[in-house]
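Written out below as C-alpha cells is the structure these notes cover.
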Amino acid sequence: MDLDLGEDQQAIRDAVGGFLEKEVTPERVRDAEPGGFDAEVWRGLVDLGVAGMGLAESRGGMDGGLLDLALIAEPIGAHLTPAPFVETATVLRLLERVDAGAALADRFAETLASDASVATLALRPARSGTFRLVPAGAVADLVVGLDGDDLVALDAAPPGVGSVPSNLGAAPVSDRDANAGERTVLESGDAARTAFTAALDDWRVLTAGWLSGLADRALAIGVEYATSREQFGVPIGSFQAVSHRLADVSTEVEGARLLYREAAWSADEGLPRMGVLAGAAYLFASETAQKSAEESLHFHGGYGFTLEYDIQLFFRRAKTVALALDAQTPLLHDLAGRILQGSGRDLIGVGGG
Amino acid sequence: MDLDLGEDQQAIRDAVGGFLEKEVTPERVRDAEPGGFDAEVWRGLVDLGVAGMGLAESRGGMDGGLLDLALIAEPIGAHLTPAPFVETATVLRLLERVDAGAALADRFAETLASDASVATLALRPARSGTFRLVPAGAVADLVVGLDGDDLVALDAAPPGVGSVPSNLGAAPVSDRDANAGERTVLESGDAARTAFTAALDDWRVLTAGWLSGLADRALAIGVEYATSREQFGVPIGSFQAVSHRLADVSTEVEGARLLYREAAWSADEGLPRMGVLAGAAYLFASETAQKSAEESLHFHGGYGFTLEYDIQLFFRRAKTVALALDAQTPLLHDLAGRILQGSGRDLIGVGGG
Amino acid sequence: MDFNTGERGELFRREVREFFAEHLTDEVRQRVRETGTVHDWKLHRALGEKGWLAASWPVEYGGQEREASEMAAFYEEAALAGAPFDGLLTTLIIANTIRHVGSDEQKREIIPPILRGEVLVALGYSEPGSGSDVASVRMRAVRDGDEWVIDGEKVFTTLAHESQYVILLTRTDPEVSKHAGLTMFLVPLDLPGIEIRPIHTLGGERTNSTFYAGVRVHDRWRVGEVNGGWDVMGVALTFERTVTGGKETVRLLERFVEWAREATDADGRPRLEEAPVREAIARTAIRNEVSYLLAQRANWVAASGGLPGVEGSQSRLFYTTRFQRTASELMDVIGPEAVLDHNAEGAPASGHIEHAHRHSQVGTIYGGTSEIQRGIIARRGLKLPSAR
Amino acid sequence: MDFNTGERGELFRREVREFFAEHLTDEVRQRVRETGTVHDWKLHRALGEKGWLAASWPVEYGGQEREASEMAAFYEEAALAGAPFDGLLTTLIIANTIRHVGSDEQKREIIPPILRGEVLVALGYSEPGSGSDVASVRMRAVRDGDEWVIDGEKVFTTLAHESQYVILLTRTDPEVSKHAGLTMFLVPLDLPGIEIRPIHTLGGERTNSTFYAGVRVHDRWRVGEVNGGWDVMGVALTFERTVTGGKETVRLLERFVEWAREATDADGRPRLEEAPVREAIARTAIRNEVSYLLAQRANWVAASGGLPGVEGSQSRLFYTTRFQRTASELMDVIGPEAVLDHNAEGAPASGHIEHAHRHSQVGTIYGGTSEIQRGIIARRGLKLPSAR
C-alpha cells in the first residue's frame, strides 16, 4: 500500500495544475457557456501532451495508464475545464486496445497534434440510428459507439457548439447520426460488447476522477467562504450546523478520491475487480460531487444562488455529469450484477486484490 | 379546518392517558418482555371501554370512528403498551362492516367483557395454510385473514406468549394455522379482497397513530436528556449538532401526527383518498418513529446503548412495528398504485377532499 | 377535528382556478421565464380589480374579509397555476405592516393604489454583510430637519426594478446595541440617488442590488418609531411566514407523472411502469401531503388568532428541504435527458423538473435559512438551551 | 501509488484465516452471544502462543515486527471470522501505551504476561458525568506516602470482570484547569475496595460499572507523570484509533447475500432476483469499499510514521455511520422476518442482520462520538474556526 503519487505522476499533475490555474479561470468557464467547449484550452492540453497521454509512445503519446489519466482528470474536473479530456482519453485507450483501431489511432494522433481533434464515446447504444446526447458530441471529430452488434467509429464533421441542447451543466452534448461520415467497424458481436463495456469502465473511472476534483474544489470554496463570512459576530464556519456538515463532505471527498484511484490502479494491474470498482467509483463520486456542491452552495446563503459566485458552476455540473451515463437505479443494478458474478468476499470490500 | 380534538375525544384521551401513565410504566413494559403481552393492562383497557370502543353501542361499544380509535392508539404507542389495542380495534371494525361478521361481533363483545379476549388481523394472506408472524398472534382468540379467495375468521385457542419467536421488539407475533378452530368465512372473492384491504388500511392508520405516539415520546426523552446532560460545562442540547437534529425530528413528528389524523378523519368521512392517506401515514410514521428513536438513543451517548435506559425500548419497537406489514419497497409500490388510480391532483397533496 | 378546508374555500378555489385559466397565458409564463421577473402588471391589476390582492382584509380597508380557507385556496391555486406572484407577496407583507403600524397618512397614500394593483413594494432588509444576522445592517439614515439622509447598499431587493417603493431597514443609532438602533423607512424608488443593478440567479429569477447615495427622505416615510425598526421588522416577518407555503412540489409531481405517462424506455414501455419511477411518485406524494398538512397547521394557528412561530418554521423547514430533495431525486430517476432545460427541444416535462432543481436551492435560504428555522424550533418549540 | 496490501500481508492473511478456522469454534461464538462477553481465554492464549498478540512489535519486546499490511490482514480476518477480540483490543492499547510511557518495572511486570495471553487490561476512562468530555473525570486519587488512595466510579469498563488490570484516569489536582490535574494509574483489579457490576447492552454485549472505595495503589502503578495523565491519554487514544477499522459490514453483506440466495418470495422466486435486494447489495458494497479504503489510508499514514488524527476520524465516522445505515436498510429490504433474532428458528441469516442493527448503534459513540470526530475533522482537517 502506497498512496503517494509517483514522481512522474506528480510532475505531470504539477504541470497541468499550473496550466489550469492560469488559463482555466472561472471567467473562462463562464465564457464557454452554454456550449461548454473552449478550443484554446483544449489546444493547450494537446500542447502539454496530456490530451494524447494515453496513446502509445510510438504515436507520440506517453503510454499513460488509466491511473495516470485519472490523476489528470481530477484537476481538470476541479477547474470545470471546458475541454473533452475524459472523452478523448477514453477513446484513445479503446483504439490502442482493439486491432482494428490501429489505423484510426495513427490518424487521430496526427490530427490531434495538427488540429486538436476531439474523440468521444457514445455512452448508450444507438437507437433508431442515433446516438443520443453524446458527451462532447457537439465537437467530436471521432465518435465511437455501439450500433447493434457492431462497435463502430465514425469519422465525421462535428455539428459544433451551436447544436448543443440547452442544459443544466452547459455540457457540449449533442446527438450524433450513427451512419454519418466515414464508418469503421472496430469489433462485432461479443467482442464489440466486451470492448464497449471496457471503454465504458474507463469512462466511469476517468469521470469519477473528474467528479472527485469537482467535489474537492467545491468543498474548498465552501470552507473558504465559511471561514471568512461572519454572521452574529463570528465566522459561520464556527457553527456546528456548518462545520459538521463540511466534515461529512470532506470525509466523502477523501473516499471518492481513494476509490477512483483504486479503480484506475486495478485496471492497470489487470485485476478482474476493475469493473466493480469502476461502477462503484462513478456512483460514489457522483453522489459526493453533488453533495459537496449543494452543501457549499447552501452555506453561501443568498450569494450561493447568484450567478456571480462560482459555486453555482459546480452545482450545475455535478448533477449533469452524474446523469451523463444513465439514471441512478440502473447503475446500481449494473453494479449489483457485476458483484454477484464475482467470487463474493473479494468483490465486496475486503480489497487487497 | 379545525385541528383541535373534540371534547369527547379529549375526555377519552385524558382517561386513557391517566391509566397509561399510572399503569404502563417502563418497568411494566420490560416485565412483559419477551412475550410482549400484559394481560392485566389489556384487562384495564377493556374495563376503560377503549378496547371495544369501535363496537356498535348496541354491542356495548361506543360506535367510535377510526379517528377516535387512532387518537387512542397514539398514547398507547407512546407508552409502548404491551396490549393488542390496534389489532383488536382493526378486527372489530371489520366485523361491524361485513354482514357475516354480526354474529361474531356479538360473541366477541361478550368474551371481550368477560375474558378480555383478543382479536387480530393476519396482515399477509395465508401461505401453505399458515398465517405467518401474525401480530398479537400469540394471544389472539380470534384471527381474521385472507386464505385464498376467502376472508376467514378463526376462533381458536391462542398458542400463548411461549410461542413467540424471539424478536427485536418483543412483539407477541406468532404463526397461526389458517384451518384451526372454528372457521367462519366472512366474505369471498372480490368482496373478500375489498374487505381485507379496508381492514389493512384501518390497521395502517391505527399503527401510524401508535408509531406517532412512540416517535413523540422518544423525542421527548431525547429532549429531556439533552437538556439535563452536561458536557464541556453546558447542556448538550445547546450544541447545534444536537439541537438542530432534534428540531428536524420534531418537525417530522408533527407531520406524522397530522397525517395519521387526516387519514383517520378521511375514513370516517368516507373519502376515496383514505387508501392513499393510510398508505402514506404508515410509511411516514414508520420512518419518523425510527428516526426519532435512533437520534434520541444516539444523543444519550453510551447510556443509550445500555438496557437500563428506556430509549432502547423505543428503538427496538420502532423498527419492529415498521416492518410488521411488509418490506419497505413493496409498500411504496402499493401506495404508488393507489395514487395512480386516482384522479391526479386530489391524491397528491393538495388536500381539501 | 376537521380537515375540510371548508365549503367557502372550495367555492373560492374554483373561482380562482378559472381566473388563472383566463388571465395567466402561456405568453406571460414565457416572458417570466425569459426575463426572470416574477411579476406581471396586467395580471396583477386584474387581481386588483377582482379585489383579491388583500382579499382577507376587513371591508373598511378595501378587503373582502375572506376566511383562512379561502386564502389558502387562493395561494394554492396561484402556485399550482404557476402564477408569477413574487410582487404580490412582498407588497402584501408591507401593506399589512403599514396597516398595523403605519401612520394614517401612509395608509391613505399607499394602501389604495396597492390594492388596485398599481403599486409594488420591494423588501430592503439584506445587505452584503448581513444575511441570517438581519439586525447587523449598516445602511445609515441620518436626520436632517424634517428629512433623513440615507446611504448604503442593499442586496436581494427583488423586483426593485418594477416597484414604486422599497422598505429599508436602516441604522439610525450606531452607538446602541445592534437591535436598538434601527429604523424602518418606506422609500419611493424614484428619489434621486438610488441606483438599481440586476443580480441574476441560479433559478433564472432576477433580483437586484440597490445603492443609496445621499437619498433624502421625508420623515413622513418613516414606519414606526425612530430606533423602533426591529419591532416593525418583527411585524413584517410575521406576515412573511404566514403568506408563504408553496405548492410547487405538487406541480412538480404532476409534471413528473405526466412525463412518465408519455415517455418510453428503449423497449417502448411507458416509463410509468418502471419501479424507480413509481417509488419516486410514492415518496414525493408522502412528502407533499406532509408539507400540505404542516402549512395548514400554521395557517390554522394563525386563523385561530395565534402566532405560528414554531409551526411556521416547521412548515417552511420541511417543505423547502423536501422540495430540494424531490427535484434532485426525480432527475436521478429520469436519467440523462433530465439535464435538458426549457430551451431544449424534447426536454422532459418541458424542463420543469430541471428548473425546479435549480430554483429549489433558494428555498432553504430566503425567509430565514433552514439553520435559522431549526434554531427557532429547538429554542422555542423544544425549549432547548440557547445554541452555542 | 500501489493499492496492493503486499505479498507478506496476503501470506499472513491465509495463515490467520486458517488459525481462526481451527480455533474459533461455533461453540465459542455461541457462548459469546449468550454471555455478551466478547473474549475467549482459550482463543486468546492460542493467539499468544502464536506470538500474534503484538505481532507488529519489535522482536526485543516480544513482537514479530510484522508490517502494516500484515496487521491489517490480521484484524480484517479476525473481524471477518467474527472473532471475539474486545479484550485483545483494549489490552493492546494499554500494552502499547506502557511500552511508550510506562516505567521499566511496569514493562517487565505487565508486558510478558500480556503477550502470552494471560492478562487483560480494561479501560477506565468514562464516568457517569463524563462521556465525550473525557477530561472532566471526577475520580479522586490522593497521595498517601508511597501509595495513592482512589475513590470514584467508572462506567463502560468493558471486560473488567475478566481482566487482571484496569487503567484509570483520575483527578489528582482539583485546583488546576481540568486537563492539568489528571493522573493515570494501572490498577490490579484484585485490590480491596473494587466492585464490578454488569451493564447489559442493546447489542447483547456485557460491559460494567466499576466502583472504587478507598482503593490503595502503590505509586509504582502510576503511568506517566503526576498530573500528566492527559498526555498519557493522548498516547493511548492514538493507539485506539489505529487499531479499530472493522470489517463487520463486509461480514454483514456476505450474510445478506447468502440469505438472498436461499430465501424465496411468496411465488418461490429467489429473493436475490428482487430489485430492492440488488440495489441494497450495490449500495452496501460501495460503502464497504470506501470504508476499507479510508481505513487503509489511516493505516498507511501510521505506517509511514504519521499520526492519522484526521484520517482516523474520517475512517471511523464513515464506517460507523454507514454500518448503522446499512444494517437498518438491509432489514427494510428483508421485511417482516427481519426482526427475528438469533434465538428464533428460521431467522434470516440466523439473526446476524438483526444483531448488527442493534450492535451498530454503539459504533457512533465509543472511541469518540460522531460529533467528536466531525469536530476533529472540521478543526484540524478543514482548519475551520473552533466550534461554538
Side-chain angles (χ1 to χ4, degrees), chain B residues 1-6 9 67 71 219-220 223 226-227 234-235 237-240 242-248 250-252 254-259 261-262 264-266 269 276-277 279-281 283-284 287 329 331-340 344-345 347-353, chain C residues 1-6 9-10 13 68-69 72-73 76 80 247 249-250 253-254 257 272 275 277-279 281-294 296-297 299-301 303-304 311 313-315 317-318 321 371 373-379 381-388:
Chain B
M1 178 79 41
D2 177 9
L3 299 179
D4 278 331
L5 302 192
Q9 288 167 339
L67 181 55
L71 288 170
L219 170 65
V223 168
T227 305
V234 292
S238 65
F239 292 107
Q240 288 184 339
V242 176
S243 65
H244 282 201
R245 278 161 63 180
L246 289 172
D248 276 333
S250 90
T251 300
E252 288 154 43
E254 291 300 336
R257 183 154 35 207
L258 289 162
L259 188 50
R261 290 178 181 187
E262 187 194 27
W265 168 85
S266 74
E269 297 281 309
V276 168
L277 292 174
L283 277 160
F284 192 73
E287 182 187 316
T329 313
L331 293 175
L332 283 173
H333 282 277
D334 180 81
L335 177 58
R338 289 163 182 236
I339 289 167
L340 293 168
R345 188 164 286 186
L347 293 178
I348 49 182
V350 176
Chain C
M1 181 158 278
D2 183 358
F3 285 84
N4 265 320
T5 47
E10 290 317 299
R13 178 188 299 280
S69 70
E76 280 169 29
L80 286 167
K247 275 283 156 290
T249 56
V250 173
L253 181 54
E254 285 181 344
V257 172
L272 190 60
V277 168
R278 298 174 84 89
E279 291 158 21
I281 289 171
R283 281 201 190 92
T284 305
I286 296 171
R287 291 173 191 163
N288 287 359
E289 193 68 27
V290 173
S291 293
Y292 163 77
L293 290 167
L294 288 171
Q296 290 294 321
R297 170 164 159 269
N299 289 337
W300 171 73
V301 168
S304 314
E311 293 86 353
S313 289
Q314 289 180 324
S315 169
L317 174 65
F318 189 88
T321 51
E371 288 72 26
Q373 313 295 351
R374 291 192 184 99
I376 291 171
I377 297 164
R379 275 195 314 281
L382 302 177
K383 314 290 181 209
L384 286 168
S386 260
R388 287 162 37 99

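Labels below follow one simple rule: chain letters A, B, ... track the order of the sequence lines, proteins then strands, and each chain is numbered from 1.
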Residues in side chain to side chain contact (heavy atoms under 4.5 Å, CB included) with C:Ala275, at least two apart?
->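 By the side chain to side chain contact (heavy atoms under 4.5 Å, CB included) rule, C:Ala275 matches B:His333, C:Glu279.
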With B:Ala280 via side chain to side chain contact (heavy atoms under 4.5 Å, CB included) - residues at least two apart =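 B:Ala280 satisfies side chain to side chain contact (heavy atoms under 4.5 Å, CB included) with B:Leu259, B:Leu335, C:Ile286 only.
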Below 4.5 Å from any heavy atom of chain C, which atoms of [X] appear? Answer side chain, backbone, both or neither.
{"X": "B:Leu246", "value": "both"}
{"X": "B:Arg245", "value": "neither"}
{"X": "B:Leu277", "value": "side chain"}

Mutual orientation of the aromatic rings belonging to B:Phe284 and C:Phe318 [parallel < 30°, tilted 30-60°, perpendicular > 60°] |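 Because their plane-to-plane angle is over 60°, the rings of B:Phe284 and C:Phe318 count as perpendicular.
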Using a 4.5 Å cut-off on heavy atoms from C-beta on, say whether the side chain of [Y] contacts that of [X].
{"X": "C:Asn299", "Y": "B:Met1", "answer": "no"}
{"X": "B:Phe239", "Y": "C:Leu384", "answer": "no"}
{"X": "C:Leu294", "Y": "B:Leu258", "answer": "yes"}
{"X": "B:Leu3", "Y": "C:Arg297", "answer": "yes"}
{"X": "C:Asn4", "Y": "B:Glu269", "answer": "yes"}
{"X": "B:Leu332", "Y": "C:Arg278", "answer": "no"}

For C:Ala282 and B:Ile339, which heavy atoms make the closest approach, and how far apart are they?
->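 Scanning both residues, the minimum pair turns out to be CA-CD1, 4.1 Å.
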